[in-house]
Structure formats: C-alpha cells, structure tokens
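Everything on this sheet refers to the single structure shown next.
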Amino acid sequence: FETMDVVMGTALVLIVIEAARRAAGLAVPLIAVVSVGYALLGPYLPDVMAHKGYSIQRLFTYLSLSTDGIFGVPIGVSANFILLFILYGALLRKTGAGQFFTDVAFALTGWTRGGPAKAAVVSSTFFGMISGSSVANTVTTGTFTIPLMKRTGYPAYFAGGVEASSSTMGQIMPPIMGAAAFIMAEFLSVPYYKVCIAAAIPATLAFFSTFMQVHFRAVSMGLVGIPRNELPKIGAAFAAGWHHLFSIVLLIAFLARDFSPERAVFWAIVATIVTSLIMRIVRKEPLRAYGKLLMEGLVEGSTGAVEVAAACAAAGIIIGSITMTGLGIKFSSMIVDASLGKLYLALPFTMIACLFLGMGVPTTAQYVIISALVAPALVQMGVLPMAAHLFILYFGTRADITPPVALAAYAGAGIALSDPWKTGLAAFQLGIAGFIIPFMFVYAPELIFVGPIGHILGAILTATFGVYCLAAAVQRCLLIKTRWYETLLLLLIALLLIKPGIRTDLTGVALFVVVFLLQWFRRKREVSPVPQA
C-alpha cells in the first residue's frame, strides 16, 4: 500500500465520522466506529462473529478508495438524487407550497367533525412529501395545526400525536418519498417510479387509518368542526397557490414517462421558480423579496443535503465493513437460523431490529444498514425483493413515533405543551396501521401492485375495510362508543379482513354486520325521546 493512500484514507474516514456526528448525532458514527472495530478485531471475537480480520492499511484504503465504502451507493444516490429533491422541497416551502397545502386541507375538512385534526392529517402528509423529515414536518406544520386541534377540544397530547403520526407518513407517501426511497431504487436496480407505485397502496392505507381514527375520536368526544367563516375559502386558497401544483404534476408526469429522477426533479425545480416568479409579477409583488426567499431556499436545501450526505457517507463505512467481513451473509444466516427458516418468525425479528436501530439513526441510514444485513435473508425465504425493502423502510419510519425514543412525537409534545410520553403513545396508537400494513403486503403482494388487476382490487377493498375496523377498535368507537366485546370483535374483524382469503373475508363481513347492528340499535335507544307521563 502507498503510504499517502493509507494516510489520506484514514483521514477521510475520521472526517466522515466527525461530519456524521455533527449532522446526525452520535448513533450513526458510533455504529460506524463499531463496524470498523469489528473489521479490525475479527480474529479476537467469539466464534459466531469471528473472521480473519484486516489490517488498518487494508481496511482504510478499501473504505476510502473502493466503490463499496464511503463512495458507494448511498453517497452516490445522495449526490445524484437526494440533493436535488431536498432542494426542491426547500424551494417549495419558501415559495409558499406548505401554506397552500395547509389552507386547502383546512378548507376541505376543517368544517367537518374533528376537522382541524383531519386537516392536520391531510396537510402534514402532503407537506411530509416535500420535506422528507418527520421531525421537520412536525415542527413546521404543527405550529399551526396543533393549537387549532386543542381549540376544537382534542387533548393536547392527542393533538401532538396526530401531528407526529401524520408527519411520519410523509416519508412513505409517493410521489416524493423520503431520501431512502431513492437508495432503494438503486439497490433494487429499478426506476424510482416503480418504488412509488409499489408504495402507493400501503401509504394510502396508513393515511386512511390515521384519518379515520381522528374521526372516531371526534365522534366519541362529541366534537364539532370550525365554523366555515373562520376557515380559508377553497376558491381563494386555489387562486393564491394553484401554481404550486404545476411542478408536482410535471414531476409525476416525467417520472411516469421513465425520465431519470434527477432530470424530472430538475425541471420541477425550474417550474417552481418560474411559476412563482410569474405569479409575483402578475400580482405586482416586490421581486427583491422573492430573490431573498430563493436564496434562503437554496441555503436551506444545501444545508439539509449536506446533513444527509454525511449520514450516507458514514453508512458507506458501515456497508464497506459489512462487505469486507461477510457480516451481511453471516447476519442473514443468523436470522434464518433464529427463525428456524420460518417467515412468520423472521419478519418480527426484522421489525424489532428496524425499530431499535431507527430510534437513534435517521431513516436513510437505518434503511441502508438493515437492508444490507437482513433483506437477503427475507428474499431467501421467498419474500419479493420490493416487499422486503419496503418492509424495512416502513419500520424505519415507525421508529419516529415508537416510544421510548419517538423523536417526532416529542417534537409535537413541545409544541402542544403536553406530556412527551403520553404524546408518544398517542402517536404510536394513531400510526398502528403502519405496524400491520408491512406484514400485509409481504403476504399479499397484490398490495404492491403484483398480480392480476382483479386480485389487486379485491385486496385493496378488503384491506381498506380491515383498516377501517382497526381504526374503530383502536379508538373504541364506531357509531357510538363501543363496549369491550364490540372492541374485541372489531379487532378480530380487522385481522380477518387484513388476512387474505375468501373465508376470512366473509367471516369478517358477517361479524361487522353484527357489530354495526348492535351499535345502531343502541344509538337509536339512546337518542330516542323519553315518553312523557
């Protein structure tokens, strides 16, 4: 080895670890340090983890000069795709797209029962698509939605939980998913739009579950919406911000036509800048202020991209160490052995690994690490590659609303001035469908658009009905508050409908009719006027 290569390679590894510490906290660099230590100390480890070991010269030159280390897939995707998408999201926010989505959501749903919470679910999910960060989304839209939810009558902890759960969904909601989706497309060697198509039904089911839980909670509490005269007018909201939709539609159209993601988002950025500029000229607004907003958006996007890049580079160190030592193959074998080759045991093990790692690691880094370690084992057991990788991504995002380290929920608690633990539990409860849906699309790949169209439509119908019953069971309310046996029946119905199969579906529907009639007759008795003597 050339001495200069070793010195510069070692310096680069140390710089990347320090950059990751500053950008993403201690968790990612600590895992990177442990992975480097594992590569160096292989001969001294217990038999189950032992390997031949590598010298400092061999390890650091491999990590710094090969395409399996720092300059591997994660940093490549960060440079090619993620930078542009983060920049696009920052420019959308600065030009007013976030406010536009919020105004439209409140105009459409704010007047309904529990309207502010429903509007929070809609606006936070849409805003999460352009922010890609559940915590950033929570603090951005939560400053407006959480006080309105509290004013309507929702408890503070529940309001914070609604915002955190909805914000987390943005990372899995097409067409602009979180940064990990681009790395997934690269790992699977498929166009990005195919990842979006596969994620569409599961993301919509998760959204529907949260939306219905908010509705059932409002029904049980007897809440009403905000008066229409206090809400944005839908016409005025569209008149003020319709141009923000142009760049998003353009992005989707380009991706659907199989344009590369970087080309599609480049033209979306251009469209955002041009349409916003034209609207300001038409409205005779000062252009100097617009120029300042654009510069702020460029700075914000660049800063966010650097933070992601640092985490991706550190993930490259981890992947390089895994590749060199064969830990990925060994870990996959351990998963297979521990689960006795049974998929129904391997999936919960994978879920637990994702949640534990995701509690301290950003979603992108968590996805890269777990997919390198576990995805091959799931594929070996017969899981479709797309389903295996989506399974890992889903549970990486769930960590942001899973106590005890529910970062998005704690951010929501800070705005709601509520108890962080109760807010975390509320967010977990509201996002509970996201813990079941990944198991659904592993066993029923129709939910990721695999199979005949008839089977896909049938799976969508029964899954939607199952998620509806799950939401009612979790909030213990359907037409009115449920009794304990009705709650248990609704939970059973949800599980029967979620599991593919004509027998389970028919049984679930029959039981639902029973619960519905019990609720309907009891509500009729409770609201019937008492006969006068």
Between [X] and [Y], what is the shortest heavy-atom contact and its length?
| X | Y | result |
| --- | --- | --- |
| Ser302 | Leu87 | N-CD1, 4.3 Å |
| Phe441 | Pro202 | CD2-CG, 3.6 Å |
| Arg398 | Ile172 | NH2-CD1, 4.1 Å |
| Leu293 | Lys94 | CD1-O, 3.6 Å |
| Ala159 | Met149 | O-CE, 3.4 Å |
| Ala239 | Met279 | O-CE, 4.3 Å |

Do the side chain of [X] and the main chain of [Y] share a donor and acceptor less than 3.5 angstrom apart?
| X | Y | value |
| --- | --- | --- |
| Arg283 | Ala240 | yes |
| His389 | Val195 | no |
| Gln213 | Gln429 | yes |
| Ser64 | Phe60 | yes |
| Tyr157 | Ala416 | no |

Quick one: pull up [atom1] in [X] and [atom2] in [Y] and give me the separation to the nearest 0.5 Å.
| X | Y | atom1 | atom2 | answer |
| --- | --- | --- | --- | --- |
| Leu245 | Phe100 | CG | CZ | 4.0 Å |
| Thr423 | Phe158 | OG1 | CZ | 11.5 Å |
| Thr95 | Tyr290 | OG1 | OH | 6.5 Å |
| Ile183 | Leu188 | CD1 | CG | 12.0 Å |
| Thr397 | Met173 | OG1 | CE | 11.5 Å |
| Leu457 | Glu446 | CG | CD | 11.0 Å |

Taking C-beta and beyond as the side chain, do [X] and [Y] meet within less than 4.5 Å on heavy atoms?
| X | Y | result |
| --- | --- | --- |
| Val162 | Tyr154 | no |
| Ile70 | Ile317 | yes |
| Val16 | Leu63 | no |
| Val122 | Phe207 | yes |
| Arg217 | Pro155 | yes |
| Glu18 | Pro29 | no |
| Met295 | Lys292 | no |
| Phe211 | Val214 | no |

Tell me, with the steps shown, if Phe435 and Tyr394 meet side-chain contact (heavy atoms from CB on, under 4.5 Å).
CA-CA 8 Å; Phe435 290 85; Tyr394 260 68; over 6 Å; no
Given the rule in the side-chain contact (heavy atoms from CB on, under 4.5 Å) test, do Leu470 and Met212 qualify, once you have shown the distances and angles that lead to the verdict?
CA-CA 9 Å; Leu470 178 66; Met212 291 311 303; over 6 Å; no
Would Phe208 and Thr464 count as a side-chain contact (heavy atoms from CB on, under 4.5 Å) here? Give the steps.
CA-CA 8 Å; Phe208 179 68; Thr464 303; 3.7 Å; yes
Stepwise, does the side-chain contact (heavy atoms from CB on, under 4.5 Å) test hold for Ile201 with Ile437?
CA-CA 10 Å; Ile201 298 174; Ile437 289 168; over 6 Å; no
Please determine whether ring-ring contact (aromatic ring centres under 6.0 Å, His included) holds for the pair Phe216 and Tyr468, giving the CA-CA distance in whole Å, both sets of side-chain angles, and the decisive distance to 0.1 Å.
CA-CA 10 Å; Phe216 290 134; Tyr468 174 86; 5.4 Å; yes
Return yes when atom [atom1] of [X] has more than 12 non-hydrogen atoms of other residues, nucleotides or ligands closer than 6.0 Å, and no otherwise.
| X | atom1 | result |
| --- | --- | --- |
| Arg280 | CZ | yes |
| Met8 | CE | no |
| Lys194 | NZ | no |

Just checking Tyr88 against Phe266, ring centres under 6.0 Å apart?
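Ring-ring flag for Tyr88/Phe266: false, centres at least 6.0 Å apart.
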